[in-house]
Amino acid sequence: MTKTDDLILVLDAGTTSTRAMVFDRTGRQCALVQRALTQFYPQPGWVEHDAGEIWDATLACAREVLGRISEQGGGRVACLGITNQRETVVAWDRASGAPLARALVWQDRRTAETCAALREAGHEATVQAATGLLLDPYFSATKMRWLIDQVPEVRAAAEAGRLALGTVESWLAFKLTGGAHVSDATNASRTSLLPLALAKNGSTWDAGLCDLFGVPLAALPEVVDNCGAIGTTLAEWFGDEIPLTGMVGDQQSATLGQACLAPGETKATYGTGAFVLANMGSAVPRSANRLLGTVLCQVAGQRTYALEGSVFVAGSLIQWLRDALGLIASAQETEALARSVPDSGGLVIVPALSGLGAPHWRPEARGAITGASFATTKAHVVRAALEAMALQTHDLAEAFARDGARWTALRIDGGMSANDWIAQDLADMLALPVERPDFVETTALGAAMLAGLGAGLFGSLDEAAAAMRGTVRRFEPALDEGAQAARLELWQEALAKV
Ligand code: ADP
């Protein structure tokens, strides 16, 4: 069988669902299987997953997708890549391989007080300088400590030296390989325990940070490259042993899947929230504007970095219009409604429904709707909601520029990016070309590229991107500067009110 038959299996362990996909070397998606994941909300602000369910669903999806491939007449699966929801923490018993507690999901805010105490004690500057991250419950370290403090089974395992802690890729790698305890550098860079700068002896956790957060080094995985010979799946899972050759956090994966491989190249994913990452090359990024520094990828021991900013409310604003206000029946309707009026009639929506993310970082802020009059219609409200996407992105673009990462173009993906009106409005308000790939599964594609590189199907990430990334549609800026400035002014006025 020639190399062109080599297929790549990708497991995408997301927040709301788990998916398994198979790609060929040209980036064609040959099959996809998906399962929903149960969300547990035991208290306000708490969000949990069942790690056992994540593993069972992942295994079931992978087996089913491989079954479909063999029904289609096959091709050889050369390698496996994993991409995952980041920051979510799993605690398990190394000896039995069983989870010891529910997984604490990235959205979980239960460690807000711990973070506030660390901030008040003056630790934020040190943590940010070392890890690129702010002190926020979002990141893994305080969640790990919470599990040790609050769950007797986790504490007992720690005391007995049987505790394994990891993010979701680490958990899946452990199960798939039958015991490898590893985490890739992108996922590790979201814990608050990994220094951004490479240590002389390679990727390692920082003992001082582990002390500060109270996380035992012995429970942490080995930090590995994003691609290479990470492990091999046990024969009992898929019949054949499949080499695990790629692992990467979902946002970094999408950035690579969008081929943001050179400094300045930037992607924005518009889903429930919006995540923007800009490639910063090989220099450790420093933000003076409350953006996050993070590892974009680590290949052959060399790191490439990214600056990251996220907007909390993007597609969820459209869901709110639909479910809470009943203004629309489906998200798809918003495009025609926005086009049905020439402008928002002066209406501005500041979508701080769950606070404001980067560059404002004001979790306590709440939303505002300003400029309403008797002339305001449903179409104006919908248009203002869609306009809020480009306005929030514009603020992020300015923060990135102040941190030395001026965007040259913006590559978009995620469910909302299907809306052509939003894509054009982004181009207009940013005064930049906006590119949208025809194949929008960029998260899975990035993991496929890395796995392919790790298995030797490609010689470099550039080669993988050239082979696998398909065609894109470009939206060119068309709004005049006066109109752009007028909208920005209204936005700034509304922002000042929240
Ligand atoms: P996630 O991965 O965060 O679950 P998706 O990438 O699947 O999200 O995107 C879904 C979100 O995008 C939903 O919040 C939905 O309201 C929004 N959305 C989907 N299609 C459109 C559209 N055509 N116009 C505007 N918003 C949309």
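In listed order, ligands and their atoms are each counted from 1.
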protein heavy-atom neighbour closest to atom 13 (C) of ligand 1 works out as Q319 NE2, 3.6 Å
Going by the atom numbers of ligand 1, which of them fall below 4.0 Å from some non-hydrogen atom of I318? 16 (O), 26 (N)
Atoms in ligand 1 with a heavy atom of S316 nearer than 4.0 Å: 14 (O)
Considering only non-hydrogen protein atoms, determine which one is nearest to atom 16 (O) of ligand 1 and report residue, atom name and distance to 0.1 Å. G315 O, 3.2 Å
Going through the checks in order, is the side-chain contact (heavy atoms from CB on, under 4.5 Å) test met by F23 and C30? CA-CA 6 Å; F23 290 91; C30 310; 5.8 Å; no
Answer with side chain, backbone, both or neither: which part of T272 has a heavy atom less than 4.0 angstrom from an atom of ligand 1? both
Looking at ligand 1, does any of its N/O atoms fall within less than 3.5 Å of an N/O of I422? no
Of all protein heavy atoms, the one nearest atom 17 (C) of ligand 1 is M416 CG, 3.7 Å
Polar atom proximity, T16 to ligand 1 (N or O, under 3.5 Å): no
In terms of residue, atom name and distance, what is the protein heavy atom nearest to atom 9 (O) of ligand 1? G415 CA, 3.3 Å
Below 4.0 angstrom from a heavy atom of T334, which ligand 1 atoms are there? Numbered from 1 as shown, please. 24 (N), 25 (C)
If you count the atoms of ligand 1 from 1 in the order shown, which ones are under 4.0 Å from a heavy atom of G414? 6 (O)
Can you tell me how far apart CD1 (I69) and CE (M21) are? Round to the nearest 0.5 Å. 12.0 Å
Residue and atom name of the nearest protein heavy atom (relative to atom 18 (N) of ligand 1), distance in Å to one decimal: A331 CB, 3.7 Å
What do the steps show when you test T15 against Q107 for side-chain contact (heavy atoms from CB on, under 4.5 Å), and what is the final call? CA-CA 10 Å; T15 308; Q107 295 144 318; 3.9 Å; yes
Cation-pi check for F40 against R102: NZ or CZ below 6.0 Å from the six-membered ring centre and within 45 degrees of the axis, yes or no? yes
Atoms of ligand 1 close to G271 [distance to a heavy atom under 4.0 angstrom, numbered from 1]: 3 (O), 5 (P), 6 (O), 8 (O), 9 (O)
Just do the side-chain contact (heavy atoms from CB on, under 4.5 Å) check on W46 and L104 with the steps written out, would you? CA-CA 8 Å; W46 293 27; L104 305 193; over 6 Å; no
Does this structure show an ion pair linking R474 with E476, if we count only N-O contacts that are shorter than 4.0 Å? yes
With respect to L317, which candidate in M416, R322, M389 satisfies the side-chain contact (heavy atoms from CB on, under 4.5 Å) definition? M389
Over 12 non-hydrogen atoms of neighbours within 6.0 angstrom of CD in E463: yes
With ring centroids as reference points, do W92 and W55 lie under 6.0 angstrom apart? no
For ligand 1, which atoms have a heavy atom of Q332 less than 4.0 angstrom away? 20 (N), 23 (N)
On the six-membered ring of Y138, is R109 placed so that its NZ or CZ lies under 6.0 angstrom from the centre and within 45° of the ring axis? no
To the nearest 0.1 Å, how far is atom 24 (N) of ligand 1 from its closest protein heavy atom, and which atom is that? N419 ND2, 3.0 Å
